[in-house]
Each structure stands twice: as C-alpha cells, then as structure tokens.
Number of protein chains: 2
Amino acid sequence: MLSKKTKYGLKALTFIARSEGDSPVQVGEIAKSEQIPQKFLEGILLTLRKSGILGSKKGKHGGYYLRQEPSEIKMTDVMRVLEGPIAMIPCVSLNYYEKCYDCPDEHQCSVHKLMIEVRDNTLQVFRNTTLADLSGV
Amino acid sequence: MLSKKTKYGLKALTFIARSEGDSPVQVGEIAKSEQIPQKFLEGILLTLRKSGILGSKKGKHGGYYLRQEPSEIKMTDVMRVLEGPIAMIPCVSLNYYEKCYDCPDEHQCSVHKLMIEVRDNTLQVFRNTTLADLSGV
DNA sequence: GTAATCCCTACTAAATTGATAGGAATAATA
DNA sequence: TATTATTCCTATCAATTTAGTAGGGATTAC
C-alpha cells in the first residue's frame, strides 16, 4: 500500500509545480486545496526539502518551491524519499540491499527472481515519469 | 514491502511444486527445509487451501498438494490471496476499488495516473508468471 | 486406540502509520 | 522595534498491521 505520506507528498509536489509563480507556495494553501492535514503536510514537505527536492523560504511570505524544473524531477527520487525502497523486498533493492537471513543462495530463490522482475518494471515507470508528467506542466 | 506471509507462502508453493510425488507435502517438512516457523506456516497454507490454490489431506500421512499444474497457477491469483490487492492504492484497484474521500475527480489526480501505470506493469509481470516459472518445473 | 497431521481460535509484542500539540526560529513589514 | 506569518523541530499518541506463539479439536492411517 502507498502510504498517506507519499500520496500527500505527490499531491503537494504537483500543486507546487502547477503554482509556478514568483513567490513560494505555503503549506496552508496546499493543505486547504488538497484536503491534507496541515501539520502532517508540514512534516512531509520538510522531508522533501531535506532531501533536496524542495527549497524553502522562512518567515512571512515564506513557503516552498521546486529546486529543479518539473521535467527534471524523477519519480525514482521522489518515491525513494517519500516511500522508501522501490523494491518489495530488501534482497532485490538497489539502494538498500540486505541479505535474507533465511536464504542460503538467493540466485536460487523463487521469490527473489519474481521480485527482481517487479522491481525492474516499477523502476522503468518511475524512471520515465517526471513531475512534469504528473502535473501536466 | 512484501510481507513475510507472502514470502513464506511463495516459498512453500515452490517447495510443493518441486516435491511432485504421490503423497502430499507436510507442513513440518516445508517449515524445516525453508526455515519458516511452523505454526506461522500452518496458517498461511490454510489460507492458500481456502482460496482453492492448495488442496489438503488430513490425518496421518496428510499434507498439502497443488490443485492445478504449476504452469496453471498464476501469480496474480497467488499474490491476491497472500498479499491482497496488487494496486498500491484502492482507487486504481481492479478487484478492491475504493474512491479516495479527498479526491473530487480521480481522472485529474496525479497520483492516480502514476499508480495506474505501476499497477499495469506489475499486473503484466504477475499475469505472465506461473508457479512453474518460479519453481523451474 | 494411538500417533500424526491438518484445522481453528485466541492471544501477544513490536513496529508502523497517521496523525496532533506546542513552541522555537526566522523573516517581512508597519 | 513590535507584530505577524511562516517554516522548523521534537515529542507524543491511538489505531492498525505484522509476525509470531499457544493450545487444543478434528480427522485419518495404521
């Protein structure tokens, strides 16, 4: 299941991409428009900022803005920040690999083989999709 | 993340497929060989039996067996029984559709569009993979 | 009748999720 | 300088899910 965090994060990014203006976009504005609990969204945008996807401006008239063009922001990066590893199981994760304690030889593991395929297909989608595709910008 | 339940279930099915003999395969045998807690595995195999993928024989010399040839057992069915919906979000689920309470028009939702693509790609993998592919039988 | 096996229910500890609360730090502006 | 609006940070919490354990009933082979 996609977490609410990821869902809200994607919606917020889309909203920001569509609000391309001079001034940054405020959390309250996004929260209200997308029906997301504001305090929850605050934390999500903070995560996105710390990961380098968003920039922020503090204080009055502050808010968030994209650090790159929407067409440069790939879903692989966004999803890894929000949802974590793309692989469904650590033993096939490119970025968070971990051996299965119960698997003597993973090249003979049926689950491993299947999950490699799922991962590759999902990766292909995320690599070929940018925020521009999501937001229509 | 793939649950342990699903991982164990897939390994057990693979084991049973590879043990094609006259007599059914016993839980204890699978648990020992695949390093799965036996009581936990019992419940998983029960689920697979109730869903019609496995058959069982009770009593002494009892155990579990496949109801179809491995090449007839599709991953779509297995995954739905073990892991639940294949879609990452209910609003793109074919079998467990649910509207997002916060989404006025899902055809304009960026998350929706992305998750449809992921779902289609994952479905393609599961539709084209059978237990025979997993077990090499 | 005994032993082995599946079947079923109930329980539990730990982790995760989806928040909420309160306030510190910062910046614009009157 | 004081006020206000905003991001930033930490802590807490309730509900749910996950992974597993426990105990015993029902059924079958021998």
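Throughout, protein chains are lettered first and strands after them, A, B, ... in sequence-line order, and every chain is numbered starting at 1.
Interface limits on DNA chain C: the 5'-most and 3'-most nucleotides within less than 4.0 Å of chain A heavy atoms are dG18(C) to dT29(C).
Separating the CD atom in E34(A) from the SG atom in C103(B) is a distance of 8.0 Å, to the nearest 0.5 Å. With values rounded to the nearest 0.5 angstrom, T47(B) atom OG1 is found 10.0 Å from I53(B) atom CD1.
Sorted by first and then second residue, the side-chain hydrogen bond (donor to acceptor under 3.5 Å, both in side chains) pairs with a member in residues 89-98 of chain B read Y97(B)-E106(B); sequence neighbours excluded. The stretch residues 39-56 of chain B participates, sequence neighbours left out, in these salt bridge (Lys or Arg N to Asp or Glu O under 4.0 Å) pairs: K39(B)-E42(B). Applying the ring pair (Phe, Tyr, Trp, His ring centres under 6.0 Å) test to pairs two or more places apart or on separate chains, none has a residue in residues 48-75 of chain A.
Residues satisfying the side chain to side chain contact (heavy atoms under 4.5 Å, CB included) criterion with S23(A), sequence neighbours excluded, are absent altogether. With sequence neighbours excluded, the residues forming a ring pair (Phe, Tyr, Trp, His ring centres under 6.0 Å) with Y8(B) are F40(B), listed by chain and number.
In this structure, M1(B) and P90(A) have side chains that are in contact, with non-hydrogen atoms separated by less than 4.5 Å. The shortest distance between side-chain heavy atoms of L134(B) and V111(A) does not fall below 4.5 Å.
The backbone N or O of I30(B) lies less than 3.5 Å from no partner atom in the side chain of S33(B), so there is not a single donor-acceptor pair.
Residues from residues 39-65 of chain A lying near DNA chain C, meaning a heavy-atom separation below 4.0 Å, are K39(A), F40(A), K57(A), K58(A), G59(A), K60(A), H61(A) in numerical order. Listed by residue number, there are no residues of residues 82-100 of chain A with a heavy-atom contact under 4.0 Å to DNA chain D.
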For residues 112-131 of chain B, run the donor-acceptor check on the side chains, cut-off 3.5 Å, and write out each pair with its distance to 0.1 Å, sequence neighbours left out.
| residue | atom | partner | partner atom | Å |
| --- | --- | --- | --- | --- |
| R119(B) | NH1 | V92(B) | O | 2.8 |
| N121(B) | ND2 | E117(B) | O | 2.9 |
| T122(B) | OG1 | V118(B) | O | 2.9 |
| N128(B) | ND2 | Q124(B) | O | 3.0 |
| T129(B) | OG1 | V125(B) | O | 2.7 |
| T130(B) | OG1 | A132(B) | N | 3.2 |
| T130(B) | OG1 | D133(B) | OD2 | 3.4 |

What donor-acceptor contacts under 3.5 angstrom involve side-chain atoms of residues 66-79 of chain A, with partners at least two apart or in another chain?
none

What pairs of donor and acceptor atoms, side-chain ones from residues 11-19 of chain A against any protein atom, are under 3.5 angstrom apart with sequence neighbours left out?
| residue | atom | partner | partner atom | Å |
| --- | --- | --- | --- | --- |
| K11(A) | NZ | D102(B) | OD2 | 3.2 |
| T14(A) | OG1 | L10(A) | O | 2.8 |
| T14(A) | OG1 | S110(B) | OG | 2.9 |
| R18(A) | NE | S135(A) | O | 3.0 |
| S19(A) | OG | F15(A) | O | 2.7 |

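Residue V25(A) is the one, among V25(A) and L2(B), whose nearest nucleotide of DNA chain D lies closer to the 5' end (criterion: closest heavy atom).
Atom CD of Q26(A) is separated from atom C1' of dC8(D) by 15 Å (rounded to the nearest Å).
Across the helix from dG1(C)-dC30(D) to dA30(C)-dT1(D), the helix axis at one end is tilted relative to the axis at the other end by 10° (nearest 10 degrees, each axis from five pairs).
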